[in-house]
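Below is one structure, written out as structure tokens, with a few remarks after it.
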Amino acid sequence: MNSIPRPLPSLASDYLTFVLSTNNLLNLRQLQQIHAQLLTNGRLSSTPLLTTFLTSYYRTHKTNHYPLLFLRNLPKPNNPFLWNSMVQLSLESENWLDFLGFYNGLRENYLFPNKSLVSLIFRACSGLCATHLGESFRCQLLKMGILFDVVLQTGLVDFYAKVGDMRSAEKVFEEMTGRDVVANNVMLSGFTKHGLVKEARRLFDSMQERDSCSWNSMITCYCKLGQIDSARLMFDRSPVKDVVSWNAIIDGYCKMGQLMNAEELFVRMGSVKNSVTWNTMIAGYVQSREFGRAMRAFLQMQAENVKPTEVTMVSLLSACAHLGAIDMGEWVHAYIRSKDFKVDVVLGNALIDMYCKCGSIEAALDVFHGLTVKNIFCWNSVIVGLGMHGYGEAAVNAFIAMEKENLKPDEVTFVGLLSGCSHSGLVSAGRRYFSHMSSVYGIQPGIEHYGCMVDLLGRAGLLQEALDVIKTMPMKANSVVWGALLRACRVHKDTKFIEQVTQYLLELETNDEGNYVVLSNLYASLNRWDDVNFCRKLVTERGVRKTPGCSSIEVDNLVHEFVAGDPSRPEFSQFDVFSDEIQEKLKGHGHEPDKASFLHDIDEVEKESII
DNA sequence: ATAGGGTTAG
């Protein structure tokens, strides 16, 4: 169908209906031809037909450009139904910018949105957290003389609650006459979202009629505040338990790390389970670092014929990122493509993060550039990823590009940017961005940012400056910050500050095993064996447990874990040979193992091999 | 109106 033959007027209607029903993507030329057809024959331009045409165009092309052009060129006055359906369609597909375009077009024609649309628009304003838009919209409605009934007032309550203006929300709610269950539930969920459990409970207790939504709101409210036992009480008391109730309480247990309780309910649910239930459980496993169980749950989900969703994929990708399982990650990516899942910002970000953490910055960038919509999470992941892989300058450039897109950097952006500068030795850039944080962007540096600066200066050998940062920063240094300085001391073989760090370890009862080890090794390299023993005694006294070094590799979609000094694997001897090869290669590249600061009580040859 | 997903310093 490269060109559409000009049909006879009597056939046009059928013909157009046929063309539109084939569900093919129409190109611009074809559309213009249909457009011409519709305009030249006034009889054909019936509102239903035009509506079908525009909606099918918008559904397939997902851009409001042509439909807007089309509508603007229609002879006046326009039929309000046409504009209303386009506004509604863009709202339903959550394309806010398209919505604004259509809504403005509607107003340009002095038309009013119909009533169901009005509440939809309020919901959209809530979704966008567009305070000004919602306000101006409310004023417009008043001017238009649209009556505020319970439905509209409820929409308004929802709007105020979502943008965080609880006082206005409560005011509208109090002034409402004839509140129904929905109105009460909207107010209830407003309280719930802001963790206002007392207010929520008071309203809940005063309600004469309660449906499952009311009970579920209370369950989620208690879960959100970590009061899992109160949530469970609500769940048990509810006479109208539905899937949502079960899912809410299971999620509550997962968030508390109580997988046993979550699983018990999960099993007890039987066949009521839906995809959200499975996603909740899988996400729970991932959050508790039970990646293998997450994967098994995914397989079981498929075995029970429950369709995995985009949310399932996000959890699986997160598991891959933690495991460094690139093969499995690529498999998930292929699965996403084969199922035609919609790669939105969240899923896109999960892919970017997975590829970064699995070592493939190129694949991460591919995904990033392929996204039509990028938000702060996506940019942050890319900036963090580039910095992590030693591309500090690229991270800085990404930061600049992000600003050009008019996105405001947040505190995570600066963590990524500063650590990127640190890994690439970009001292002056790091200093500049650190000072710009508060002066230009109005973000107060947190302990992470001071930590980055200590690391940046420490790596560059500016140890005194690094210590000055620790001394002058507005918060107490934690083990990460001291760890950065400690490692810098080791790398630069500078022991000036070693006493201060030891003092810190004595003062702050930290259980951070790594710092004790580094400190002990530092003393060992100085042959200060008394201090080494002191460190070791400290570790024992404080009950700090040294987790054995552990790494994992992935072969044929199976993740193999290796624990340091554990020869129980049958392949162990082969790995030994392989490890020898790597050592030789490293030496060829001029790498020297840092023997001095390690395990003083074993002989030189063995020492080298272990390091 | 109610349930599930993403980025953070050594």
Side-chain angles (χ1 to χ4, degrees), chain A residues 123 154-155 157-158 161 180-190 192-193 211-221 223 238 240 242-252 254-255 274-284 286-287 309-318 321 344-354 356-357 375-385 387-388 410-420 422-423 445-456 458-459 478-488 490-491 512 514-515 518:
Chain A
R123 217 177 299 160
T154 306
V157 172
D158 187 42
D180 56 3
V181 210
V182 179
N184 281 325
N185 283 345
V186 169
M187 193 65 241
L188 200 57
S189 86
T192 303
K193 288 232 156 61
D211 62 7
S212 60
C213 294
S214 326
W215 287 93
N216 295 342
S217 266
M218 289 314 295
I219 298 173
T220 39
C221 191
C223 284
S238 168
V240 278
D242 58 7
V243 216
V244 180
S245 329
W246 288 89
N247 292 347
I249 191 75
I250 289 177
D251 184 51
C254 285
K255 292 273 147 68
N274 63 8
S275 61
V276 177
T277 323
W278 285 95
N279 289 342
T280 306
M281 213 53 231
I282 292 173
V286 173
Q287 278 151 17
T309 68
E310 281 85 352
V311 180
T312 326
M313 297 300 113
V314 173
S315 290
L316 291 183
L317 287 170
S318 167
D344 63 358
V345 278
V346 180
L347 187 48
N349 183 54
L351 281 165
I352 294 169
D353 183 49
M354 180 277 291
C356 284
K357 300 263 163 71
N375 69 2
I376 182 91
F377 281 84
C378 309
W379 282 97
N380 286 350
S381 291
V382 159
I383 291 171
V384 169
M388 226 162 46
D410 65 5
E411 66 279 358
V412 181
T413 319
F414 282 102
V415 170
L417 190 60
L418 295 175
S419 76
S422 168
H423 290 300
I447 190 155
E448 303 91 344
H449 304 103
Y450 285 102
C452 288
M453 287 315 282
V454 171
D455 188 46
L456 177 95
R459 277 178 203 259
N478 60 14
S479 61
V480 180
V481 176
W482 283 109
L485 181 67
L486 192 53
R487 273 156 244 251
R490 194 187 63 180
V491 169
D512 195 320
N515 284 350
V518 177

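Lettering follows sequence order; numbering is per chain, from 1.
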task = Remember a base hit wins even if backbone is also touched, and classify A/Thr309 as base, sugar-phosphate or nothing at under 4.0 Å, heavy atoms.
result = base

ask   = Quick one: A/Asp158 CG to B/dT2 C1', roughly how many Å, whole number?
value = 12 Å

B/dA1 OP1/OP2 closer than 4.0 Å to side-chain N/O of A/Lys193 = no

note = In B/S/- notation (B base, S sugar-phosphate only, - none; protein heavy atoms under 4.0 Å), nucleotides 5-10 of chain B written 5' to 3' is BBBBBB

inquiry  = With hydrogens left out and only the distance checked, is there a donor-acceptor pair under 3.5 Å joining A/Asn184's side chain and the base of B/dA1?
reply    = no

[X]: what forms a side chain to side chain donor-acceptor pair (under 3.5 Å) with it, not counting sequence neighbours?
X: A/Thr413; answer: A/Asn380, A/Asp410
X: A/Asp180; answer: none
X: A/Ser238; answer: none

message = Test of understanding: with salt bridge (charged side-chain N to carboxylate O under 4.0 Å, His left out), list the residues that count as partners of A/Lys193, not counting sequence neighbours.
response = none

key: By salt bridge (charged side-chain N to carboxylate O under 4.0 Å, His left out) - contacts of A/Arg487 (at least two apart)   = none

ask   = With respect to A/Asp211, which candidate in A/Asn184, A/Asn185, A/Asn216 satisfies the side-chain hydrogen bond (donor to acceptor under 3.5 Å, both in side chains) definition?
value = A/Asn185

